[in-house]
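Following: one structure in structure tokens, then a few remarks.
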Amino acid sequence: MSEALIKHFAKKLIAWHGLDGRRGLPWQSVRDPYAVWVSEIMLQQTQVATVLERYPRFMKRFPTVNKLAAAPLDDVLAEWAGLGYYTRARNLHACANQVIKEFGGNFPRDPILLEQLKGIGRSTAGAIAAFAFHERAPILDANVKRILARLFGIEGAIQEKSVNDQLWLLAQELLPKSPTDMPVYTQALMDFGATWCTSRKPVCMSGTKKCPFAKACQANLSDQVLLLPRKPIKAKSPEFDCDMLLLRHGNSVLLQKRPEKAIWGGLWSLPESVWRAKEKNLASHSEKAKVNLTAKELFKLVLPNQKTLTTLKASEPIKPGSEIKHVFTHRRLWMQIWHVSSSSATPFSGADFKWVSLHQLGKYGLPQPIKVLLQGLSLTRDDDLKN
DNA sequence: AAGTCGGGGCC
DNA sequence: GGCCCAGACTT
């Protein structure tokens, strides 16, 4: 029963793709390993709809692996801004340089070698090898895990190594015999998981479409489709708050480069205080403390190693501006924005500070909520006349 | 094996 | 609001 399924799976899936697969995605029409690689990295944990807009833009700006490798990391991060998981952008840049130095500018076709490159794990290596080189290498992303767990009724917790190993073995076993089928097969797997064997509303539960595997799928036969694959219970993400300084001189704002190994690593943001655990039951505590904050106190919070600006009235209380809530995968953050005007664009010591015109924000990689905040600022009339 | 990394679409 | 996603990497 299971053997018949394994034997005919690839053919049936490719046949399904011929009728109901996704078409016209910009990265489907390319076989240039560089173009394939960029699309695979960009699509990691990122929706197709999002990548649809950003992929052509990225390829236009960095059309070859040489152009990408030669570009400043800051430019790559700026282009990546808004996509999240910024380690991907750093690894992308590092990987481009690896490909040039270690492989003469050409991506290797062996998935074992691909996996040794920065930011390329086993699944992405398999996808690149399959799409760009027709290698018989499996992928195992969330789509494939879900499909296999359901088809074969795998009930073990998905995070366990033994279960993961079992899934990889299955993925390998199911590959089509012919290498020339690898691109369409791999695409079909992703499409089937993304559009038919979905997490919440699989077509087998709706009744309007007929799943080609309905009669063989263990989860379907035992009415366990929505229960597989089993996932771990996630703890509630902790909450934090912090203060951020929006220091403005005319149409320029002070930006600070964030450390690489952190949230929003390597992006340009506003100077911020350390994150404090949010005290839920003392909602009034932080509010009260904020109302009478002076410029001097604020600067000590967000720029502890800098001298207070002489151009400010240090002891004058400043009023809190907007508070922004931002949800990450593992944290929730409340950012208290403090608007302060400076009579001059006083330089700060250190290369991680920069005064940036509001007109030039697009050239910098900013965290999405900060970008939205700064874009919402109104320009002063003086600069409006100038520009 | 668990934690760390964003952001948007969807329900 | 929680869940989900073309995962990789560190601890």
Side-chain angles (χ1 to χ4, degrees), chain A residues 21-22 25-28 36-55 77 80-92 94-95 114-131 137-147 156-165 167-168 171 183 186-195 197-202 226 229 231-239 258-267 269 325-333 365-372:
Chain A
R22 291 182 291 194
L25 301 178
W27 48 90
Q28 288 178 339
V36 171
W37 166 63
V38 171
S39 75
E40 289 306 323
I41 302 300
M42 196 174 281
L43 283 158
Q44 285 172 0
Q45 301 291 289
T46 307
Q47 307 232 168
V48 166
T50 304
V51 175
L52 217 44
E53 299 176 4
R54 303 294 300 267
Y55 178 72
L77 279 166
W80 201 266
L83 283 168
Y85 285 125
Y86 299 97
T87 297
R88 290 185 296 173
R90 268 193 302 285
N91 284 337
L92 209 59
C95 181
L114 282 168
E115 200 180 339
Q116 292 170 15
L117 297 168
K118 292 270 190 188
I120 300 180
R122 187 172 174 186
S123 189
T124 299
I128 297 171
F131 284 131
I139 60 168
L140 189 62
D141 60 14
N143 286 317
V144 182
K145 286 177 182 172
R146 186 171 56 252
I147 294 168
I158 205 76
Q159 75 274 16
E160 288 177 18
K161 176 171 164 43
S162 61
V163 175
N164 204 250
D165 290 346
L167 290 171
W168 272 112
T186 305
Q187 187 63 51
L189 262 184
M190 294 169 166
D191 289 358
F192 186 66
T195 62
C197 195
T198 63
S199 185
R200 298 174 198 230
K201 291 171 69 179
L226 292 183
K231 291 187 176 171
I233 303 162
K234 286 172 189 168
K236 208 176 169 190
S237 57
E239 302 179 314
R258 302 178 61 83
E260 290 205 344
K261 291 186 177 182
I263 277 179
W264 294 321
L267 298 192
S269 187
K325 181 189 180 184
H326 191 75
V327 179
F328 300 98
T329 306
H330 293 11
R331 290 163 179 20
R332 284 169 287 176
L333 176 66
L366 304 178
Q368 193 60 13
I370 303 303
K371 178 186 169 189
V372 171

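Reminder, nothing fancy here: chain letters follow the sequence lines and each chain counts from 1.
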Sticking with atom [atom1], work out how far [N] lies from [M], rounded to a whole angstrom.
{"N": "C/dA6", "M": "B/dT4", "atom1": "P", "answer": "23 Å"}
{"N": "C/dC3", "M": "B/dG3", "atom1": "P", "answer": "16 Å"}
{"N": "B/dG6", "M": "C/dT11", "atom1": "P", "answer": "16 Å"}

Interatomic distance where [atom1] belongs to [X] and [atom2] belongs to [N] [whole Å]:
{"X": "A/Tyr86", "N": "B/dT4", "atom1": "OH", "atom2": "C1'", "result": "15 Å"}
{"X": "A/Arg88", "N": "C/dA6", "atom1": "CZ", "atom2": "C1'", "result": "10 Å"}
{"X": "A/His330", "N": "B/dG6", "atom1": "NE2", "atom2": "C1'", "result": "11 Å"}
{"X": "A/Gln368", "N": "B/dG6", "atom1": "CD", "atom2": "P", "result": "13 Å"}
{"X": "A/Asn164", "N": "C/dG7", "atom1": "CG", "atom2": "P", "result": "13 Å"}
{"X": "A/Leu92", "N": "C/dA8", "atom1": "CG", "atom2": "P", "result": "13 Å"}
{"X": "A/Trp264", "N": "B/dT4", "atom1": "CH2", "atom2": "P", "result": "16 Å"}
{"X": "A/Leu77", "N": "B/dG6", "atom1": "CG", "atom2": "P", "result": "11 Å"}

Check: [Y] and [X] side chains under 4.5 Å, non-hydrogen atoms:
{"X": "A/Pro369", "Y": "A/Trp264", "value": "yes"}
{"X": "A/Phe131", "Y": "A/Ser39", "value": "no"}
{"X": "A/Leu52", "Y": "A/Leu25", "value": "yes"}
{"X": "A/Pro202", "Y": "A/Leu226", "value": "yes"}

Scan A/Ile128, A/Asp141, A/Ile139 and name whichever one has a side chain to side chain contact (heavy atoms under 4.5 Å, CB included) with A/Glu40.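 That would be A/Ile128; it is the only one of A/Ile128, A/Asp141, A/Ile139 passing the side chain to side chain contact (heavy atoms under 4.5 Å, CB included) with A/Glu40.
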Could you pull out the closest heavy-atom pair between A/Pro238 and A/His330, with the gap in Å? CD-O, 3.1 Å
Under 3.5 Å, which protein N or O atoms sit close to an N or O of nucleotides 1-5 of chain C? Give each pair with its distance.
unit_1: C/dG1; atom_1: OP2; unit_2: A/Lys325; atom_2: NZ; d: 3.2
unit_1: C/dG2; atom_1: N2; unit_2: A/Arg200; atom_2: NH2; d: 3.3
unit_1: C/dC3; atom_1: O2; unit_2: A/Arg200; atom_2: NH2; d: 2.4
unit_1: C/dC5; atom_1: OP1; unit_2: A/Arg146; atom_2: NH1; d: 2.3
unit_1: C/dC5; atom_1: OP2; unit_2: A/Lys231; atom_2: NZ; d: 3.0

Using the 3.5 Å cut-off, write out each protein N or O paired with an N or O of nucleotides 9-11 of chain C and the distance between them.
unit_1: C/dC9; atom_1: OP1; unit_2: A/Gly119; atom_2: N; d: 2.4

Determine the contact category for [X]: base if any of its heavy atoms lies under 4.0 Å from a base atom, sugar-phosphate if only primed atoms, P, OP1 or OP2 are that close, otherwise nothing.
{"X": "A/Trp37", "answer": "nothing"}
{"X": "A/Glu40", "answer": "base"}
{"X": "A/Arg90", "answer": "nothing"}
{"X": "A/Gln28", "answer": "nothing"}
{"X": "A/Gly193", "answer": "nothing"}

State the CG-CD distance between A/Leu167 and A/Glu160, to the nearest 0.5 angstrom.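 Between A/Leu167 CG and A/Glu160 CD, I get 11.0 Å after rounding to 0.5 Å.
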[N] phosphate, OP1 or OP2, under 4.0 Å from [X] side-chain N/O:
{"X": "A/Trp27", "N": "C/dA6", "result": "no"}
{"X": "A/Arg331", "N": "B/dT4", "result": "yes"}
{"X": "A/His326", "N": "B/dG7", "result": "yes"}
{"X": "A/Thr124", "N": "C/dA8", "result": "yes"}

Parallel, tilted or perpendicular: ring planes of A/Trp27 versus A/Tyr55, cut at 30 and 60 degrees: perpendicular
Residue mapping more 5' on DNA chain B - nearest nucleotide basis, A/Val327 or A/Glu160: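 Closest to the 5' end, via its nearest nucleotide, is A/Glu160.
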Could you list the donor-acceptor pairs under 3.5 angstrom formed between side-chain atoms of residues 44-51 of chain A and any protein atom two or more places apart in sequence or on another chain?
unit_1: A/Gln44; atom_1: NE2; unit_2: A/Thr124; atom_2: OG1; d: 3.0
unit_1: A/Thr46; atom_1: OG1; unit_2: A/Met42; atom_2: O; d: 3.4
unit_1: A/Thr46; atom_1: OG1; unit_2: A/Gln44; atom_2: O; d: 2.9
unit_1: A/Thr46; atom_1: OG1; unit_2: A/Arg88; atom_2: NH1; d: 3.0
unit_1: A/Thr46; atom_1: OG1; unit_2: A/Arg88; atom_2: NH2; d: 3.3

Note: A/Glu239-A/Arg332 ion pair, threshold 4.0 Å (strictly below): yes
